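Letters A, B, ... mirror the listed sequences (proteins, then strands); counts begin at 1. Owing to the predicted nature of the structure, the values given are computational and were not obtained by experimental measurement.
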Number of protein chains: 2
Amino acid sequence: MNTTASHLISVAAKQFAEKGYSGASMRSIANAAGTTQAAIYHHFSNKNALYLAVLARHFDAKSSDMADDLAQVSDPEKRLKILVHRLLELVEEDEQFRQLYFRELLETDEERLRVLADNVFGELAVTLTELLKELAPRMDSHLMLLSLGGLVCHHLEARKLSPFLPGGKRKHQQLDVLAEHITELLLHGVQRS
Amino acid sequence: MNTTASHLISVAAKQFAEKGYSGASMRSIANAAGTTQAAIYHHFSNKNALYLAVLARHFDAKSSDMADDLAQVSDPEKRLKILVHRLLELVEEDEQFRQLYFRELLETDEERLRVLADNVFGELAVTLTELLKELAPRMDSHLMLLSLGGLVCHHLEARKLSPFLPGGKRKHQQLDVLAEHITELLLHGVQRS
DNA sequence: GTCTATAAGCCGATAGAC
DNA sequence: GTCTATCGGCTTATAGAC
């Protein structure tokens with residue numbers, strides 16, 4: 001695999017995630033990668049091709065071995081607990097994934113949304129949907145997928161905002177506190193007797 | 001109130017929401033507003049000031065009379081149902097609010113996040129937090145606010161993506177289907193007997 | 001309060017040397 | 001495969017007429 005192109009993708013991913021497509025320039029990407037702007041065009045035909053390469057890498061192979069881990073546990077409650085925890089870890093450790101996902105959500109280009117769904121959500125979404133069907137047979141599994149994804153991503157992305165919101169405390173930054181809240185909400189809702 | 005400045009803010013809001021800060025140019029905003037780029041500088045000192053004016057308007061006075069509507073209903077279950085419905089309507093009808101909110105979430109500038117929290121979430125967040133304390137006394141009200149906001153905003157924003165995800169059907173676009181799903185999830189979780 | 005004109009600089013992309 | 005140089009165009013912002 002071409003090492004230079006691969007390195008360019010890594011650097012570009014960081015910049016696209018942080019600054020958005022139009023906020024990141026070929027020049028600044030080249031500088032951060034220690035090369036020149038013109039050199040990028042040897043590896044990618046244009047800026048959009050570079051961006052698509054970034055998406056292809058970061059929205060791929062994210063399925064992880066979640067299904068295998070869950071297969072060992074039989075109690076549904078514990079299974080959901082593990083699922084939420086794994087998913088939070090997965091999405092937390094890859095900040096770029098989260099940022100790129102939210103940026104793509106704001107995109108209106110339909111083909112780009114399709115690429116997003118097929119790649120990210122290709123394997124991972126199918127795995128998750130199957131797990132959710134088992135764990136929540138009573139609920140619409142498609143909407144559950146969106147609820148779970150929304151809860152996990154929004155809680156993580158809103159961590160920066162949390163301190164300024166009513167009741168925001170330090171403990172609300174902790175991953176296990178978030179995991180417990182989401183799990184409890186998903187399992188029993190707000191009204192457990 | 002200056003009508004020209006006000007009109008500029010409206011036009012700018014649309015463009016910033018759709019294309020982001022660096023994607024929207026002073027020229028394109030001026031063109032859409034039917035004036036010239038230089039004229040904007042008579043009303044706003046620079047691009048950032050225009051952007052802040054957009055945020056100030058769109059993240060303000062969004063509290064609505066949700067609290068009043070809810071005060072008339074005593075049954076907690078119905079109260080939550082109404083809350084979710086109202087919130088979905090509120091956030092659905094103002095697409096720009098949603099887009100600007102997600103874009104600001106991606107922002108790292110701490111002062112900007114503070115402005116966001118104080119303005120948007122100033123009044124509305126306090127109202128919602130109070131309501132959530134009543135409706136979900138067992139749960140952490142701060143995390144509940146983030147869960148509720150995340151569910152509502154993510155479901156609405158992911159509507160474009162939904163058709164490409166596993167199990168996505170036309171009915172999942174309907175506001176009342178989303179409302180029922182979110183309400184059910186919040187009330188009882190996934191495991192109601 | 002809006003215009004034209006322009007400054008100074010960054011943008012994506014290409015040409016061609018090495 | 002990477003460089004320098006450059007093109008045409010667009011960017012924010014300002015100057016000054018009306």
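- For the pair I40(B) CD1 and dC3(C) P, the computed distance is 10 Å after rounding to whole Å.
- dC10(D) atom P lies 11 Å from atom CG of N31(B), rounded to whole Å.
- Considering only residues two or more places apart in sequence or on other chains, D94(B) meets the side chain to side chain donor-acceptor pair (under 3.5 Å) condition with K62(B).
- Applying the ring-ring contact (aromatic ring centres under 6.0 Å, His included) test to pairs two or more places apart or on separate chains, none has a residue in residues 69-96 of chain B.
- In this structure, H43(B) atom NE2 and dA13(D) atom C1' are separated by 16 Å, rounded to whole Å.
- Between T35(A) and dC3(D), a side-chain N or O to OP1/OP2 separation shorter than 4.0 Å is present.
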Checklist line | Annotated protein contacts, base or backbone, on nucleotides 11-16 of chain C with a non-hydrogen cut-off under 4.0 Å, one of B, S, - each | finding: BBBBB-
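- Rounded to an integer number of Å, the gap from L50(B) CG to dT11(D) P is 15 Å.
- Using a 4.0 Å cut-off between charged nitrogen and carboxylate oxygen, R98(B) and E92(B) do not count as a salt-bridge pair.
- OP1 or OP2 of dT2(C) sits under 4.0 Å from a side-chain N or O of T4(B).
- Here salt bridge (charged side-chain N to carboxylate O under 4.0 Å, His left out) pairs that include residues 15-27 of chain B, with residues two or more places apart or in two chains, are K14(B)-E18(B).
- Every residue meeting the side chain to side chain donor-acceptor pair (under 3.5 Å) condition with E134(B), not counting sequence neighbours, appears here in chain and number order: R79(B).
- Contacts of D69(B) classified as side chain to side chain donor-acceptor pair (under 3.5 Å), with partners at least two apart in sequence or in another chain: R86(B).
- Not one side-chain nitrogen or oxygen of H42(B) sits closer than 4.0 Å to the OP1 or OP2 atom of dT2(C).
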